[in-house]
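Everything on this sheet refers to the single structure shown next.
Just so it is clear, the structure is predicted and the values come from calculations on it, not from any experiment. Note that ligands are numbered from 1 as they come in the structure, with each ligand's atoms numbered from 1 the same way.
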Amino acid sequence: MSNNINLLELVSACIDLAEQSGDIIRDVFKSGSLGVQMKAEDDPMTKADLLSQQHIIGGLNNVFKDLIIVGEESCEIPPSTTIPNIHKLDTQKDNLPQQFQSLDPKDLIIFIDPLDATREFTLGRVHCVMTLIGISFKGKPIAGVIYQPFVDKEGHESTREESDKWTGRTVWAIVGMPVESVQDKRAPEDKDKVIIVTTASHYTQKIEESIKKINPDKVIKTGGAGYKTLMVIENRADVYVFPSVGSKLWDICAPHAILLAVGGTLTDPFGKDILYSTDPSLIENKNGIVITTGNHKKYIDLLNK
Ligand SMILES: Nc1ncnc2c1ncn2[C@@H]1O[C@H](COP(=O)(O)OS(=O)(=O)O)[C@@H](OP(=O)(O)O)[C@H]1O
Ligand SMILES: [Mg+2]
Ligand SMILES: [Mg+2]
Ligand SMILES: [Mg+2]
């Protein structure tokens, strides 16, 4: 009996677990006791990060054998009774590319960022918080699940006073299948502008220099790798520029797969593809990342002029 995996069933389970983790993250935030620990000087982790990762990995291990999973947080995974739903996407079965119907788990790596934008989470700027679950196949992203707990189903942000609107939003994609959960959110007044989005809390001189080379009309600084990638995917920005060390493969695998599914591009600032691997020396995106949904080469050339 093979342990081969149907990608639609794996993505269904990831969606189910990410949505359940959203409840965990919202509960921790509303409790007011986040249990913040500093992993490094500028790298917080909270109780929500840990519980979210334990929930997701515990649930995946109950259904799929031999999965290779890389999660951001170093933590034990207690026994879990969660059995995620593998049938949420059964209606999409006819759209699943044939090569994804029976995947050998040894060719897959699941990258989990249980809570992206932790620093923003600790500061109460929760709209950019996301759970990211990315699936790579032989080194390339093939599927991604993003769950945004502190927005409504359309992704509209609301204040803590309106927290009843925090119904949460799921964005998922499999490369080669149509993406249903994203929209064009360009503001009419920004139609002809070049907009860059970049980090709010890990800003560097290098980022400053790169932005000057592109000479945009507008720069948006906000938290979360997933959130910024979604801004590019939904056309609220043209380029996500982060040409510094700091982001890791779990920050980008899920957003990268969704970006590919809508025809976008993610490379390092020299235009080089990212290899998704369990090799500890490759986990950090040492040169940084550049993300677009068009004119990628133009921006890479500007950054390297
Ligand atoms: N310099 C440095 N040190 C440690 N970690 C870093 C760094 N730069 C980026 N990152 C990680 O990349 C994720 C996105 O960071 P951003 O700055 O874009 O967003 S945020 O302001 O941290 O929310 C964010 O992931 P999460 O840890 O999941 O929030 C950061 O941890
Ligand atoms: Mg992250
Ligand atoms: Mg994280
Ligand atoms: Mg972190």
Side-chain angles (χ1 to χ4, degrees), residues 14 17-18 21-22 24-25 28-29 34-57 69-75 110-134 144-151 157 196-208 210-211 219-233 236-237 239-256 259 266 268-269 274 280 282-291:
C14 291
L17 292 163
S21 285
I24 294 169
I25 292 168
V28 169
F29 184 71
L34 306 189
V36 183
Q37 303 170 41
M38 292 312 287
K39 294 187 286 186
E41 190 198 339
D42 186 17
D43 201 1
M45 176 181 70
T46 72
K47 192 165 66 178
D49 298 69
L50 281 179
L51 292 175
S52 170
Q53 179 160 319
Q54 290 170 335
H55 180 76
I56 294 167
I57 296 180
I69 300 176
V70 175
E72 175 178 354
E73 310 308 348
S74 308
C75 58
I110 318 294
F111 288 94
I112 299 173
D113 188 342
L115 197 160
D116 186 49
T118 302
R119 193 172 181 283
E120 304 296 290
F121 179 67
T122 63
L123 298 170
R125 298 194 292 245
V126 290
H127 64 280
C128 52
V129 167
M130 293 186 171
T131 294
L132 310 174
I133 307 176
V145 172
I146 287 180
Y147 183 74
Q148 208 176 354
F150 299 102
V151 293
E157 299 154 18
I196 281 188
V197 63
T198 191
T199 177
S201 53
H202 298 101
Y203 204 72
T204 64
Q205 185 56 35
K206 185 100 176 57
I207 294 175
E208 183 74 25
S210 299
I211 289 173
V219 178
I220 301 171
K221 292 181 185 177
T222 187
Y227 184 75
K228 290 189 273 289
T229 307
L230 209 47
M231 285 185 74
V232 173
I233 289 171
R236 291 170 62 197
V239 206
Y240 168 10
V241 174
F242 190 81
S244 293
V245 69
S247 69
K248 284 76 172 186
L249 294 181
W250 51 70
D251 289 308
I252 59 170
C253 186
H256 191 172
L259 183 74
L266 184 157
D268 77 4
I274 303 283
L282 295 178
I283 289 293
E284 187 149 44
N285 303 311
K286 293 184 183 58
N287 297 318
I289 51 175
V290 176
I291 290 170

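The shortest distance between side-chain heavy atoms of Trp250 and Val70 falls below 4.5 Å. In this structure, the side chains of Ile133 and Ile56 come closer than 4.5 Å at one or more pairs of heavy atoms. For the pair Gln53 and Met45, the minimum side-chain heavy-atom distance is 4.5 Å or more. You'll find the side chain of Leu230 reaches within 4.5 Å of the side chain of Met130, heavy atoms only. A 4.5 Å side-chain heavy-atom check between Ile252 and Phe242 finds every atom pair outside the cut-off.
Atom 27 (O) of ligand 1 has its closest protein heavy atom at Glu72 OE2, 3.1 Å. Of the protein's heavy atoms, Gly246 O, 3.4 Å lies nearest to atom 6 (C) of ligand 1. For atom 22 (O) of ligand 1, the closest non-hydrogen atom on the protein side is His202 CE1, 3.0 Å. With respect to atom 21 (O) of ligand 1, the closest heavy atom belonging to the protein is Ser201 OG, 2.2 Å.
Around the Mg ion (ligand 3), the protein N, O or S atoms found under 2.8 Å comprise Glu72 OE1, Asp113 OD1, Leu115 O.
Short contacts between ligand 1 and Ala225, defined as distances under 4.0 Å to a heavy atom of the residue, involve ligand atoms 14 (C). Of all atoms in ligand 1, numbered sequentially from 1 with element shown, those under 4.0 Å from a heavy atom of Lys248 are 4 (C), 5 (N). Listed by number with element, the atoms of ligand 1 under 4.0 angstrom from any heavy atom of Ala117 are 23 (O), 26 (P), 28 (O), 29 (O). Heavy-atom proximity to Thr199, at under 4.0 Å, picks out these atoms of ligand 1: 16 (P), 17 (O), 18 (O).
Annotation: salt bridge (charged side-chain N to carboxylate O under 4.0 Å, His left out) contacts involving residues 240-251, sequence neighbours excluded, comprise Lys248-Glu284.
Within the 3.5 Å criterion, the main-chain N or O of Asn287 finds no donor-acceptor partner in the side chain of Asp268. In this structure a side-chain-to-backbone donor-acceptor pair under 3.5 Å is missing from Ser52 to Asp49.
Classification of the Tyr227-His127 ring pair by plane angle, with boundaries at 30° and 60°, yields perpendicular.
Remark: distances from the non-hydrogen atoms of Phe242 to ligand 1 include one below 4.0 Å. Contact annotation: Leu115 has at least one heavy atom less than 4.0 Å from an atom of ligand 1.
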- Message: What verdict does the side chain to side chain donor-acceptor pair (under 3.5 Å) test give for Ser21 and Thr131, after you've listed the backbone C-alpha separation in whole Å, the side-chain angles of each residue and the deciding distance to 0.1 Å?
- Response: CA-CA 8 Å; Ser21 285; Thr131 294; 5.4 Å; no
